[in-house]
Amino acid sequence: MSKKVYVGMSGGVDSSVTAALLKQQGADVTGVYMKNWSQDLPGMVCPWKDDYQDAKRVAVQLGIPFKMYDFEAEYRHKVVNYMLEEYKAGRTPNPDIMCNQEVKFKLFLETALEDGADMIATGHYARIKDGRLYAGLDPNKDQSYFLCRVTEDALRHTLMPIGEYEKPQVRALARQFGLYTANKKDSQGICFVGKVGIKDFLREFVQDLPGDGDIIDQRGTVVGRHDGALFYTIGQRQGLGVGGGLPYYVVGKDMAKNEVYVTADLQDPRLWHRDITLASPHWINGEPASGQRYAVRTRYRADLVPVTSLTKNKDGTWQVLLEDEVRAVTPGQSTVVYEGEHVVGSGIVI
RNA sequence: UGGGGGUUGGCCAAGUGGUAAGGCAACGGGUUUUGGUCCCGUCAUUCGGGGGUUCGAAUCCCUCACCCCCAG
């Protein structure tokens, strides 16, 4: 008897091909659309109905059962609220990592298993072997960064067939299978919420937004005004509205004073870090061992940077010392530890 | 109201007689399942106002306005 696999189908190409490949391999596939968000936002109509329709169409094409799980309440609670609290605290959260941790590889997995599934599958560009997570084969699309907080147990119940392919191959497969979504544009933005400006999103949901404040440069001069410190993130260049000479990059902010600090000097030490403290560590298959050669990624799609040392502090946080300085390490973002292509785990930058 | 310097697009800034560089910002697009970064494109018929010289001026002259510095 073949395995029952529940595939998370978002209505995009990647998850469509995931379902098709598994079906082709002889699995007993069921498609599931997770409804995590349905609210329209300023300047954006929520695309969930279209996405649902697309996923459903593909399921019909493949001749597989299709259902919908409604996780809106949990998504709002676990992902959106977390995100809002982080922004209010002056940090820059990564909602998609939280979504994977709490929704896709926890809630969805548990619900599917209770529903009779043996495994789940998703359209992520990453690979799983023996409960270990590896980068996707296509370095350009690798999404292992976002999966850094899933558990080994979840990995042992998950398939990610797309991770073995490169994006153009996936597109080609979609056409070969004749999938309805073969030429659908890749999605962007906060997963499920859609393409909405972060400012618009925060304005909609954060109460008591601060007012305008000063933008202060490396010499302590007020060079401009901003409309709320929480809207800005470290390393940011666009959106400051301050011209004259060289571009400015955000190097820090003071939430209490509602001030944003910038520099026009690319050598400004506040823009570079080689010593990072990580809170909330999560090691997928156990803590890092000493003597291993690790590398770290401090943002999605950032270059891997070799690690000099990775040690546990007394208070449970971890200390990462890098071989090279990295630009714009940002509190709230995850630093993901790799051993070659293997994802060891991650922590959140303090 | 003695002298000197200055006024070029939102900002910085080239250009001193031949018909407005460049950078920043902004806007548009691309890349991107966070936020950013990054890449590409667009952006002064016009050079503080007025007048004059010249085939032709942002560039020379006159004048008015404002700013800065030194004298006080």
Side-chain angles (χ1 to χ4, degrees), chain A residues 8 10-15 34 36-37 47 51 75 79-80 82-84 86-87 89-104 122-126 136 138-149 160 162 167 170 184-202 215 217 221-226 228-253 260 262-266 271-272 297-303 326-336 346 348-349:
Chain A
S10 66
V13 221
D14 299 332
S15 56
M34 277 175 255
N36 294 330
W37 189 265
D51 290 338
Y75 184 84
V79 180
V80 176
Y82 149 78
M83 184 175 143
L84 297 176
E86 286 289 289
Y87 270 109
R91 291 185 288 268
T92 306
N94 193 316
D96 288 356
I97 289 178
M98 188 56 81
C99 175
N100 285 329
Q101 176 186 321
E102 295 294 331
V103 180
K104 289 179 191 161
T122 65
H124 284 101
Y125 285 85
D138 185 342
N140 201 39
K141 293 296 294 185
D142 171 38
Q143 292 169 326
S144 59
Y145 178 86
F146 293 108
L147 300 168
C148 62
R149 297 190 77 84
M160 296 180 179
I162 290 305
K167 182 76 189 195
V170 172
K184 187 171 174 178
K185 192 181 184 318
D186 289 3
S187 66
Q188 300 170 327
I190 305 163
C191 81
F192 296 111
V193 175
K195 195 174 181 177
V196 62
I198 191 67
K199 251 187 199 181
D200 289 332
F201 189 85
L202 292 174
I215 297 176
D217 78 359
T221 307
V222 175
V223 292
R225 300 282 290 172
H226 67 256
L230 88 167
F231 294 128
Y232 298 84
T233 187
I234 310 302
Q236 176 172 349
R237 168 179 173 173
Q238 299 284 319
L240 291 168
V242 183
L246 297 167
Y248 285 100
Y249 294 90
V250 175
V251 293
K253 49 188 187 174
V260 171
V262 299
T263 187
D265 175 12
L266 269 179
L271 200 52
W272 299 89
R297 179 167 282 147
T298 56
R299 291 182 303 266
Y300 177 54
R301 285 177 67 81
D303 289 335
V326 167
R327 184 161 147 190
V329 173
T330 305
Q333 289 285 287
S334 286
T335 288
V336 179
S346 71
I348 295 175
V349 177

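Convention: sequence-line order gives letters A, B, ...; per-chain numbering from 1. Quick caveat: nothing in here was measured; it's all calculated off a predicted structure.
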For A/Lys184 and A/Gly11, indicate whether the former's side chain and the latter's backbone hold a donor-acceptor pair under 3.5 Å.
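Yes, because the side chain of A/Lys184 sits within donor-acceptor range (under 3.5 Å) of the backbone of A/Gly11.
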
Looking only at atom types and distance, does a side-chain atom of A/Thr263 sit under 3.5 Å from a main-chain N or O of A/Asp265, one as donor and one as acceptor?
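Here the side-chain-to-backbone pair exists.
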
Working to the nearest 0.5 Å, report the span between NZ of A/Lys104 and CE of A/Met34.
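Answer rounded to 0.5 Å: 6.5 Å.
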
Could you grab the distance from atom CZ of A/Phe146 to atom OG of A/Ser334, nearest 0.5 Å is fine?
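Separation between the atoms: 10.0 Å.
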
Can you give each donor-acceptor pair under 3.5 Å made by side-chain atoms of residues 234-245 of chain A, sequence neighbours left out, with the distance rounded to 0.1 Å?
unit_1   : atom_1 : unit_2   : atom_2 : d
A/Gln236 : OE1    : A/Thr233 : N      : 3.0
A/Gln236 : NE2    : A/Gln238 : O      : 2.9
A/Arg237 : NH1    : A/Tyr249 : OH     : 3.4

What stems show up for RNA chain B when you take Watson-Crick pairs (N1-N3 plus N6-O4 or O6-N4) and G-U wobbles (N1-O2, O6-N3), both under 3.5 Å, and require three or more consecutive pairs?
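As far as RNA chain B goes, consecutive pairing (with distances under 3.5 Å) yields the stems B:2-7 with B:65-70, B:10-12 with B:22-24, B:26-30 with B:38-42, B:48-52 with B:60-64.
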
Side-chain N,O (A/Arg237) to OP1/OP2 (B/A25) below 4.0 Å:
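Result: yes.
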
Distance check: side-chain N/O of A/Lys185 vs OP1/OP2 of B/U31, anything under 4.0 Å?
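Yes, within the criterion.
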
Is [X] touching bases, backbone alone, or none of the nucleic acid, heavy atoms closer than 4.0 Å?
{"X": "A/Gln238", "answer": "sugar-phosphate"}
{"X": "A/Tyr248", "answer": "nothing"}
{"X": "A/Leu240", "answer": "sugar-phosphate"}
{"X": "A/Gly332", "answer": "nothing"}

Starting at the 5' end of RNA chain B and moving along, which residue's nearest nucleotide shows up first, A/His124 or A/Leu246?
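Its nearest nucleotide lies further toward 5', so the answer is A/Leu246.
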
With [X] via salt bridge (Lys or Arg N to Asp or Glu O under 4.0 Å) - residues at least two apart:
{"X": "A/Arg299", "value": "none"}
{"X": "A/Asp138", "value": "none"}
{"X": "A/Lys167", "value": "A/Asp14, A/Asp186"}

Kindly say whether, by distance alone, the side chain of A/Gln236 makes a donor-acceptor pair under 3.5 Å with the base of B/U37?
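It does not, because no donor-acceptor pair links the side chain of A/Gln236 to the base of B/U37 below 3.5 Å.
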
Anything under 30° is parallel, anything over 60° is perpendicular, the rest tilted; go ahead and classify A/Phe201 against A/Trp37.
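Tilted.
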
P atom, B/A44 versus B/G10: distance in rounded Å?
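One P to the other, the span is 11 Å.
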
Roughly how far apart, to the nearest Å, are B/G18 and B/U45 at atom C1'?
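To the nearest whole Å, 16 Å.
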
[X] side chain: which of [options] is closest?
{"X": "A/Thr233", "options": "B/G36, B/C38, B/U33", "value": "B/G36"}
{"X": "A/Phe146", "options": "B/U31, B/U33, B/C38", "value": "B/U33"}
{"X": "A/Lys141", "options": "B/A25, B/U32, B/G35", "value": "B/U32"}
{"X": "A/Thr330", "options": "B/G35, B/C24, B/U34", "value": "B/G35"}
{"X": "A/Tyr249", "options": "B/G36, B/U33, B/C38", "value": "B/C38"}

Search all heavy atoms of A/Arg297 against all heavy atoms of A/Ala302 and return the closest pair with its distance.
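The answer is NE-O, 2.8 Å.
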
List, with names and distances, any nitrogen or oxygen atoms from the protein found under 3.5 Å away from nitrogen or oxygen atoms belonging to nucleotides 8-13 of chain B.
unit_1 : atom_1 : unit_2   : atom_2 : d
B/C11  : O2     : A/Gly244 : N      : 2.9

